[in-house]
Number of protein chains: 2
Amino acid sequence: MLSMKCKYALKALVVLAAEGKKLPSSAIAQKARVPAKFLEAILTDLRKADALTSERGAHGGHTLKGAPEKIMLGHVVRAMDGMLAPIPCASTFYYKKCDDCTDEKICVIRHAMLEVRNKISEVLDGLSLEDLLNMSPKKKQQLFW
Amino acid sequence: MLSMKCKYALKALVVLAAEGKKLPSSAIAQKARVPAKFLEAILTDLRKADALTSERGAHGGHTLKGAPEKIMLGHVVRAMDGMLAPIPCASTFYYKKCDDCTDEKICVIRHAMLEVRNKISEVLDGLSLEDLLNMSPKKKQQLFW
DNA sequence: TTAATCCATATAACTCTAATAGGAATTGAA
DNA sequence: TTCAATTCCTATTAGAGTTATATGGATTAA
Ligand code: FES
Ligand code: FES
């Protein structure tokens, strides 16, 4: 399950990608329709995840770090929610052993969930912010949701 | 994320499929390495999900309902954890509208997550308990994990 | 100096998870 | 009839995670 935090993060990044310029968090919150104070915390996490840069003070704001086609959904989702895999033993970035399984190599549950995690990764690590923008049929009006 | 409950449910069903006969919950708990009392509740849910039948009293127990190749992982996961989709608006069985989106049809987040949900469904609705059994290289010894 | 803005910390309400506990009801067999 | 095995039902619990809100400090440009 994608958390609201992660969904808001994606929306914030799409707004930044669409505008292509520095925006204060209040403007992002308004355009993305996200609770303003919650968004502040999210933007901090996105900065730590290297997805954007922030400038403080008057006329400060947040700018996308790098081109929209370089920022992948998988990276954002991992930074917000952790692993893509349905189960820790099937995760590559957040691997953790299963206490209730004795032999990981033969575990049929793990094998099945590895297939799932690979499919999820194929989609999310293959989609960039630019791809998201191009999904919108109403690009000009900036109505993305 | 797959809950422990769901993982235990899958393990219980794999045990039942492998043994191919009626088993009391205590025996399932032992073979599946699952907390016995927790398993009781899980078995009740699996019965409600039509995955097995239960007989009470002495010599009672639980029996797989239907052939192992007919019971799909997707069905089990949905019964235990709910939707497969990462987000409610992208779910077919557990659909729910997004409060923070005005137009679902153009929502780029939803479009991306629909792709994810379809891939997950392809895997989990395409794998049966029988398939899980066949994934094990040590079929004879019944070591599945 | 002021206003805008990011940043850090604390907190709160709520829900979900992963169980455990105790006992009632059912059944087959001695 | 009694016993033991077993499912079934209800309640409880401790801890974690989610989704925020509140307050105020630090930084910056005009
Ligand atoms: S090793 Fe993770 S489910 Fe078996
Ligand atoms: S409609 Fe669900 S994320 Fe936009």
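Just so we're clear, the structure is a prediction, and the values are computed from it rather than from any experiment. We name chains A, B, ... by the order of the sequence lines, and we start the count at 1 in each one. All values below were derived from every heavy atom in this structure, side-chain atoms included, with hydrogens, water molecules and symmetry-related copies excluded.
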Q.
Is the shortest side-chain heavy-atom distance between B:L124 and A:M113 below 4.5 Å?
A. yes
Q. Side chain of A:A58: nearest nucleotide among C:dA3, C:dT20, D:dA20?
A. C:dA3
Q: Figure out the CG/P separation between A:L52 and C:dC6, and round it to whole Å.
A: 11 Å
(Q) Taking 4.0 Å as the cut-off, does a side-chain nitrogen or oxygen of B:S54 come that near to OP1 or OP2 on D:dC8? (A) yes
(Q) Quick one, A:L129 with A:L64, criterion side-chain contact (heavy atoms from CB on, under 4.5 Å). Give me CA distance, side-chain angles, the key distance, then yes/no. (A) CA-CA 10 Å; A:L129 290 183; A:L64 216 58; 4.1 Å; yes
Q) Rounded to the nearest Å, what distance is computed from the CD atom of residue A:E55 to the P atom of nucleotide D:dA29? A) 8 Å
Contact list (N/O, under 3.5 angstrom) for nucleotides 9-19 of chain D vs protein:
residue, atom, partner, partner atom, Å
D:dT19, OP2, A:M4, N, 3.2

Q | Under the side chain to side chain contact (heavy atoms under 4.5 Å, CB included) test, residues paired with B:A27 that sit two or more places apart | A | B:L23, B:P24
Could you list the donor-acceptor pairs under 3.5 angstrom formed by side chains in residues 5-17 of chain B, with sequence neighbours left out?
residue, atom, partner, partner atom, Å
B:K5, NZ, B:D45, OD2, 2.8
B:K7, NZ, A:D100, OD1, 2.8
B:K7, NZ, A:D100, OD2, 3.4
B:K11, NZ, A:D100, O, 3.0
B:K11, NZ, A:D100, OD2, 3.1

Q: Measure from NE2 on B:H59 to C1' on D:dA4 and round the result to the nearest Å.
A: 10 Å
Q: Report the distance from atom CD1 of B:I42 to atom P of C:dA18, rounded to the nearest whole Å.
A: 9 Å
Q.
Under 4.0 Å from OP1 or OP2 of D:dT7: is there any side-chain N or O of B:H62 that close?
A. yes
Q: To the nearest Å, give me how far apart CG (B:D45) and C1' (D:dC8) are.
A: 12 Å
Q: Please state how far atom CD in A:Q30 lies from atom C1' in C:dA4, giving the value in whole angstrom units.
A: 16 Å
(Q) Nearest whole Å is fine: how far is D:dT6 C1' from B:L23 CG? (A) 13 Å
Q: I would like to know whether A:T63 and A:E55 meet side-chain contact (heavy atoms from CB on, under 4.5 Å); could you show each step before the answer?
A: CA-CA 8 Å; A:T63 317; A:E55 292 165 63; 4.2 Å; yes
Q | A:M72 CE to A:S121 OG distance, which is reported to the nearest 0.5 Å | A | 11.0 Å
